[in-house]
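What follows is a single structure, and I will ask about it in a moment.
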There are 2 protein chains.
Amino acid sequence: MTLIPPPMPGVPGRKAVISREDLIAAALKLVGPHRSVSSLSLREVAREAGIAPNSFYRHFRDMDELAIALIDQAGRSLRHLIGEARHRATAERSVVRSSVEAFMEQLSADEKLLHILLREGNVGSDAFKQAVERELRFFEDELCVDLVRLAEAHGTGIHEPALVAKAITRLIFTMGATAMDLPRERHAEVAEQMVVMLRMIIVGTQTMARHGVPANDIAGPPREDRQA
Amino acid sequence: MTLIPPPMPGVPGRKAVISREDLIAAALKLVGPHRSVSSLSLREVAREAGIAPNSFYRHFRDMDELAIALIDQAGRSLRHLIGEARHRATAERSVVRSSVEAFMEQLSADEKLLHILLREGNVGSDAFKQAVERELRFFEDELCVDLVRLAEAHGTGIHEPALVAKAITRLIFTMGATAMDLPRERHAEVAEQMVVMLRMIIVGTQTMARHGVPANDIAGPPREDRQA
DNA sequence: CACTTGTCTATACAACTGTATATTAATTCT
DNA sequence: AGAATTAATATACAGTTGTATAGACAAGTG
């Protein structure tokens with residue numbers, strides 16, 4: 001999706017002095033901790049890219065369309081990152097730790113793209129939100145098959161793997177979002193918190209797979225409909 | 001904070017035909033799934049409230065100030081809600097289930113206020129974000145003392161209660177935010193997912209308290225620095 | 001060459017924004 | 001009654017926004 005037409009030499013017309021990617025880059029330069037994508041104006045992006053406002057329409061119909069392209073790119077970047085993290089993980093260290101570390105690492109380096117994916121899934125148009133949701137679900141699905149595979153390999157059970165994946169994903173993303181407002185030196189601390197949280201979830205799902213799911217938690221009295 | 005001056009009879013001047021609360025209400029009428037607080041304009045709110053644009057300044061200095069007042073109100077509403085949920089919980093059912101149910105219930109009823117708290121903590125000015133963060137932390141702290149108290153009462157251990165509270169809070173809030181985009185009839189399903197997720201965390205923290213924390217998870221090889 | 005085609009720019013317009021200034025209206029105090 | 005004080009308004013202005021229209025430039029075609 002959002003493919004660039006290949007540079008066939010047989011097409012008439014003027015040589016494009018600017019490309020979609022240039023516009024995306026210009027938009028990226030403008031977003032930041034205080035500037036959300038949905039608050040960018042068409043003219044602003046055009047100005048940053050050094051073109052006339054109307055030239056924008058040659059590449060995108062809307063700012064919304066640009067935003068979705070941005071999300072796509074952020075998603076690709078994230079998927080690449082996670083792929084690498086997974087590769088590193090199975091070799092030496094735990095998935096949890098190395099994934100979290102890779103995530104936080106990317107958070108510092110590639111800040112803007114992650115920013116978009118993390119924080120702006122809640123505002124904006126429907127198309128915008130769906131695009132973010134799609135990337136989240138992608139992340140989630142990959143994590144799910146990973147979890148199942150690892151659980152089988154290690155002989156540990158896993159209760160409701162899909163929900164485990166969902167919980168972990170959402171947790172990583174929100175924690176990452178809040179980490180972005182913190183000074184760089186506190187990122188390691190947040191990463192450590194994330195690792196502990198994820199371990200709790202994993203220990204929980206394993207215990208529940210081993211001993212059966214409890215019908216109530218620490219707060220409630222025993223219930224009658226507890227499963228045998 | 002944001003106190004109304006008491007109606008002393010001894011102050012000259014014209015009777016105020018509109019109050020801060022009316023402006024807040026007008027702003028609330030405007031926000032929705034497609035309209036974020038930070039995208040509201042001063043004139044728009046004034047128009048909705050039926051006053052001249054400049055009259056806005058009699059009550060707030062900024063739209064930002066209005067936004068923070070909105071967050072305060074949403075926070076109060078949420079705290080009230082949680083207080084009730086906790087009251088109900090200790091009596092008959094589990095904290096987890098009844099809290100989640102109360103949360104989702106409020107989500108449907110009082111949609112707008114929760115909306116603001118849930119979705120808009122990531123965009124907007126610093127003051128805005130800090131206000132949301134403050135409310136989140138409040139929620140978190142209350143939950144933490146609850147967890148510790150319950151763990152003691154039931155004789156179950158609890159590992160890193162503060163982190164448990166944080167994880168649960170963030171999870172509830174993000175899941176709640178995504179639920180708001182779903183049709184009403186799927187809310188129960190999301191609530192069920194949330195309950196399972198939270199139980200995993202609680203079972204996890206209990207197991208870790210009982211058996212000691214694992215030095216690595218299901219994916220990694222044993223590490224040497226494992227705690228005795 | 002003229003011709004078409006696609007890219008970009010210039011100008012323009014109506015709508016909207018936040019806010020400054022000045023004026024009017026309502027209420028209480030003396 | 002009149003003076004004082006405060007809320008609300010009307011008008012106005014400069015800036016920004018999205019976009020419509022029309023024209024200029026460059027590259028390929030016949």
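Just so we're clear, the structure is a prediction, and the values are computed from it rather than from any experiment. Only this structure's heavy atoms are used, side chains among them; waters, hydrogens and symmetry mates stay out.
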What pairs with V37(A) under side-chain contact (heavy atoms from CB on, under 4.5 Å), at least two apart in sequence or on another chain?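 V31(A), A67(A), L70(A), I116(A), E120(A), F128(A).
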
Can you list everything that forms a side-chain contact (heavy atoms from CB on, under 4.5 Å) with A167(B)? Sequence neighbours excluded, please.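 side-chain contact (heavy atoms from CB on, under 4.5 Å) check on A167(B) returns L171(A), M197(A), I201(B).
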
Using the ring pair (Phe, Tyr, Trp, His ring centres under 6.0 Å) criterion, which residues pair with F139(B)? Sequence neighbours excluded. F173(B)

When Watson-Crick pairs (N1 to N3 and N6-O4 or O6-N4) and G-U wobble pairs (N1-O2 and O6-N3) count only below 3.5 Å on both distances, what is the dot-bracket string of DNA chain C, with | for other-strand pairs? |||||..|||||||||||||||||||||||

Interatomic distance, M63(A) CE vs dT19(D) P [rounded to whole Å]: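 Computing the M63(A):CE to dT19(D):P distance gives 11 Å.
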
dT19(C) P sits how many Å from F60(B) CZ, rounded?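 Nearest whole value for this atom pair: 15 Å.
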
Test item: T178(B) side-chain N/O and M175(B) main-chain N/O as donor-acceptor pair under 3.5 Å: yes

Taking only residues two or more places apart in sequence, or in another chain, which ones meet R35(A) in a salt bridge (charged side-chain N to carboxylate O under 4.0 Å, His left out)? E44(A)

Here the residues of residues 37-57 of chain A within 4.0 Å heavy-atom distance, strictly under, of DNA chain C are R43(A), I51(A), A52(A), N54(A), S55(A)

Mind checking what makes salt bridge (charged side-chain N to carboxylate O under 4.0 Å, His left out) contact with E133(B), not counting sequence neighbours?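 Partners of E133(B) under the salt bridge (charged side-chain N to carboxylate O under 4.0 Å, His left out) test: R170(B).
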
Under the rule for side-chain hydrogen bond (donor to acceptor under 3.5 Å, both in side chains), what residues qualify as partners of S77(A), not counting sequence neighbours? Q106(A), D110(A)

Below 3.5 Å is the cut-off: list the nitrogen or oxygen pairs between protein and nucleotides 5-7 of chain D, distance only.
unit_1: dT5(D); atom_1: O2; unit_2: G13(B); atom_2: N; d: 3.4
unit_1: dT6(D); atom_1: O2; unit_2: R14(B); atom_2: N; d: 3.1
unit_1: dA7(D); atom_1: OP2; unit_2: R58(B); atom_2: NH1; d: 3.2

With sequence neighbours left out, the residues meeting salt bridge (charged side-chain N to carboxylate O under 4.0 Å, His left out) with D126(B) are none

Qualifying residues under salt bridge (charged side-chain N to carboxylate O under 4.0 Å, His left out), relative to R79(B), sequence neighbours excluded: E135(B)

Would you please name every residue forming a side-chain hydrogen bond (donor to acceptor under 3.5 Å, both in side chains) with D146(A), sequence neighbours left out?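 D146(A) satisfies side-chain hydrogen bond (donor to acceptor under 3.5 Å, both in side chains) with R86(A), R149(A) only.
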
